[in-house]
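Proteins come first, then strands; the chains are lettered A, B, ... in the order of their sequence lines, and each starts at number 1.
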There are 2 protein chains.
Amino acid sequence: MKAAKAKAGRRRAGRPPLALLGPAQITRAALKLVSRDGYKALTMSKLAKSLNVAPSALYNHVRSKQELLRLVEDSLMARVDVSAFLDQPWDQAVSKWAHSYRDVFSSHLPLIPVIALLPVTNAPQTLLMYEAVTEGFLRAGWRSARIIDAIVALESFIFGSAYDVNAPSDIFAPGELGATAPAFSSAVAHRSNAGQLNDADAAFSLGLAALIAGLATTLV
Amino acid sequence: MKAAKAKAGRRRAGRPPLALLGPAQITRAALKLVSRDGYKALTMSKLAKSLNVAPSALYNHVRSKQELLRLVEDSLMARVDVSAFLDQPWDQAVSKWAHSYRDVFSSHLPLIPVIALLPVTNAPQTLLMYEAVTEGFLRAGWRSARIIDAIVALESFIFGSAYDVNAPSDIFAPGELGATAPAFSSAVAHRSNAGQLNDADAAFSLGLAALIAGLATTLV
DNA sequence: ACCTGAACACCGTTCAAGT
DNA sequence: ACCTGAACACCGTTCAAGT
């Protein structure tokens with residue numbers, strides 16, 4: 001923020017600011033790197049190389065790799081769709097928000113500890129997301145005292161479900177030890193949902209519907 | 001397993017086997033290291049040092065650090081209490097299991113991706129845990145086809161909640177940007193639960209009760 | 001203010017050489 | 001079969017020196 005402003009002051013009028021190094025450019029380059037090669041490729045030196053700069057130069061704009069991840073996380077948070085809270089019934093809005101939230105971060109699993117463990121301070125997009133959700137809860141009649149707990153509970157489910165999206169399809173294949181777990185092996189073999197959903201989506205839909213229905217009854 | 005047996009063959013009668021290097025000893029040493037200094041201290045070289053051995057020696061017993069984490073995870077799974085599924089009503093049993101599961105892994109967050117993403121093949125304790133839970137669901141009248149989805153949904157919530165246990169208490173402090181999210185800031189300020197629970201426990205209780213109640217209605 | 005280049009203290013893993 | 005010691009290809013981060 002501060003660095004960006006300082007630069008804006010030095011910038012000559014009419015010159016496109018896009019080439020200058022700053023938090024926004026670094027975040028953009030990080031997202032590009034991740035979308036091309038995954039999080040194993042998001043190292044300070046590879047990121048620096050993609051910006052034609054020495055690794056140590058990054059530390060003029062970012063305190064640590066943690067802070068970089070924080071920037072990336074916050075920028076992704078803008079992709080979470082909260083629009084349903086404006087004009088749809090609470091349960092439908094929660095469902096759409098939750099689906100969108102899971103889908104955004106299922107491709108960014110290493111950011112989940114960042115969201116779950118780091119304070120929202122100075123994460124403007126994250127704050128906007130929470131604001132929209134909170135307003136939706138208030139509009140639906142939720143008491144202020146319980147809204148954060150409900151959001152945290154939903155988020156916990158969403159984070160766990162984001163991992164599940166990336167699980168291999170044979171994650172429950174019991175292998176040679178199958179005989180020691182006959183009931184479980186049988187349940188795995190008979191796993192099936194009414195529709196044409198994949199396993200992760202089926203579990204997510206079931207859990208989300210249950211969670212929403214259960215929360216709705218405690219809304220009183 | 002194979003290595004342990006080979007060693008057992010070589011071992012002289014009457015000699016305590018505890019000093020020999022093998023998967024069980026390595027796992028035990030890893031847990032000791034983690035409980036003393038956390039996961040940042042669980043490196044191959046520190047683990048080797050704690051066993052008075054060269055780092056490369058570990059690779060005679062473990063294919064990679066991933067496999068080591070798998071061993072640690074599986075051994076921790078034995079601590080998850082599934083006993084309530086034997087003699088208590090389904091909803092109570094699920095609640096006790098979920099609490100125990102969350103409590104065990106809230107001190108082992110780096111293992112959550114391991115549980116969520118790695119096949120259960122050759123994870124005997126993990127398999128036993130799933131077997132006990134599945135039997136509990138069957139006894140309660142669940143149809144085989146939906147049991148795995150229900151367990152996955154519960155696990156997703158449990159994993160997310162394990163992160164939440166470790167969140168700092170000021171995680172939702174909006175900082176300087178609070179003015180941009182007034183409804184959220186107010187909800188954070190007014191957050192409170194009836195009882196004497198901490199924030200993480202309050203959200204976990206609320207979500208778990210909702211999830212269990214919601215799942216119970218789809219049980220039919 | 002912002003960059004480079006060298007350096008530091010680590011990582012996980014491989015592999016020839018020993019016993 | 002199992003170990004050691006050296007080596008490899010990396011990490012994130014710091015810091016003096018430049019402009």
Side-chain angles (χ1 to χ4, degrees), chain A residues 1-12 15 17-27 29-30 33-34 37-73 110-111 113-114 118, chain B residues 1-12 15 17-27 29-30 33-34 37-73 110-111 113-114 118:
Chain A
M1 267 308 109
K2 220 194 303 167
K5 252 182 234 159
K7 258 179 244 142
R10 226 179 337 97
R11 220 181 281 140
R12 278 175 283 160
R15 190 117 152 306
L18 293 173
L20 288 176
L21 197 57
Q25 288 71 36
I26 291 175
T27 304
L33 207 53
V34 164
D37 302 321
Y39 274 88
K40 73 189 183 317
L42 184 53
T43 69
M44 297 304 270
S45 73
K46 283 185 178 131
L47 178 58
K49 174 159 279 180
S50 85
L51 288 159
N52 293 314
V53 113
S56 53
L58 296 175
Y59 290 86
N60 287 308
H61 307 276
V62 135
R63 217 181 292 276
S64 63
K65 187 174 180 184
Q66 272 275 349
E67 188 175 318
L68 167 69
L69 293 177
R70 196 70 176 78
L71 289 170
V72 173
E73 178 259 296
L111 297 182
V114 174
L118 258 53
Chain B
M1 270 296 115
K2 220 197 303 171
K5 253 182 231 157
K7 258 180 244 141
R10 227 179 337 96
R11 218 182 282 137
R12 276 176 283 159
R15 191 113 149 310
L18 294 173
L20 289 176
L21 196 59
Q25 288 72 35
I26 291 176
T27 304
L33 208 52
V34 164
D37 302 319
Y39 274 87
K40 72 188 184 319
L42 184 53
T43 70
M44 297 303 270
S45 73
K46 282 184 179 135
L47 178 57
K49 174 160 276 179
S50 85
L51 289 159
N52 293 314
V53 112
S56 52
L58 296 174
Y59 290 86
N60 287 308
H61 306 278
V62 136
R63 217 180 292 273
S64 63
K65 189 175 179 184
Q66 272 275 349
E67 188 174 316
L68 168 70
L69 292 177
R70 196 71 175 79
L71 288 170
V72 172
E73 178 258 297
L111 298 182
V114 175
L118 258 53

Rounding to a whole Å, what distance do you find between N60(B):CG and dT4(D):C1'? 11 Å
Under the salt bridge (Lys or Arg N to Asp or Glu O under 4.0 Å) rule, what pairs show up with a residue in residues 54-64 of chain B, not counting sequence neighbours? R63(B)-E67(B)
Atom-pair distance (CD on Q25(B); P on dC2(D)), nearest Å: 12 Å
If the P atom of dA9(D) is compared with that of dA9(C), how far apart are they to the nearest Å? 22 Å
Generate the contact string for nucleotides 14-19 of chain D. Rules: B means base contact, S means sugar-phosphate contact only, - means no protein heavy atom under 4.0 Å. BB----
Rounded off to whole Å, could you give me the OH-to-P distance for the Y39(B) and dC11(C) pair? 16 Å
Where L118(A) and Q66(A) come nearest, the two heavy atoms and their spacing: CD2-OE1, 3.5 Å
Considering non-hydrogen atoms only, spot the tightest contact between V62(A) and S64(A) and give its length. CG1-O, 3.0 Å
Per-residue pairing states of DNA chain D in dot-bracket (Watson-Crick or G-U under 3.5 Å; . unpaired, | other strand) read ||.|||||...|||||.||
Smallest separation among heavy atoms of L68(A) and A30(A), with atom names: CD1-CB, 4.2 Å
Expressed as a whole number of angstroms, how long is the span from L20(B):CG to dA1(D):C1'? 12 Å
Q66(B) CD to dC11(C) P, in whole Å, measures 18 Å
Of the non-hydrogen atoms in P110(B) and Y39(B), which two are nearest, and what is the gap between them? CG-CG, 3.5 Å
Is it true that a side-chain atom of K40(B) and a backbone atom of V34(B) form a donor plus acceptor pair closer than 3.5 Å? no
To the nearest 0.5 Å, atom CG of L42(A) lies from atom CG of L69(A) at 6.0 Å
Can you tell me how far the CG atom of L21(A) sits from the CD1 atom of I26(A), to the nearest 0.5 Å? 4.5 Å
Out of dG12(C), dT13(D), dC3(D), whichever nucleotide has its closest atom nearest the side chain of K65(B): dG12(C)
Please find the pair of heavy atoms, one from H61(A) and one from P23(A), that lie closest to each other, and give the distance. O-CG, 4.4 Å
Which side-chain N or O atoms in residues 43-54 of chain B pair as donor and acceptor under 3.5 Å with protein atoms at least two apart or in another chain?
residue, atom, partner, partner atom, Å
T43(B), OG1, K46(B), N, 3.1
S50(B), OG, L47(B), O, 2.8

Hey, can you pull the residues of residues 42-53 of chain B with a non-hydrogen atom under 4.0 angstrom from DNA chain D? V53(B)
Would you say H61(B) places a side-chain N or O within less than 4.0 Å of OP1 or OP2 belonging to dA1(D)? no
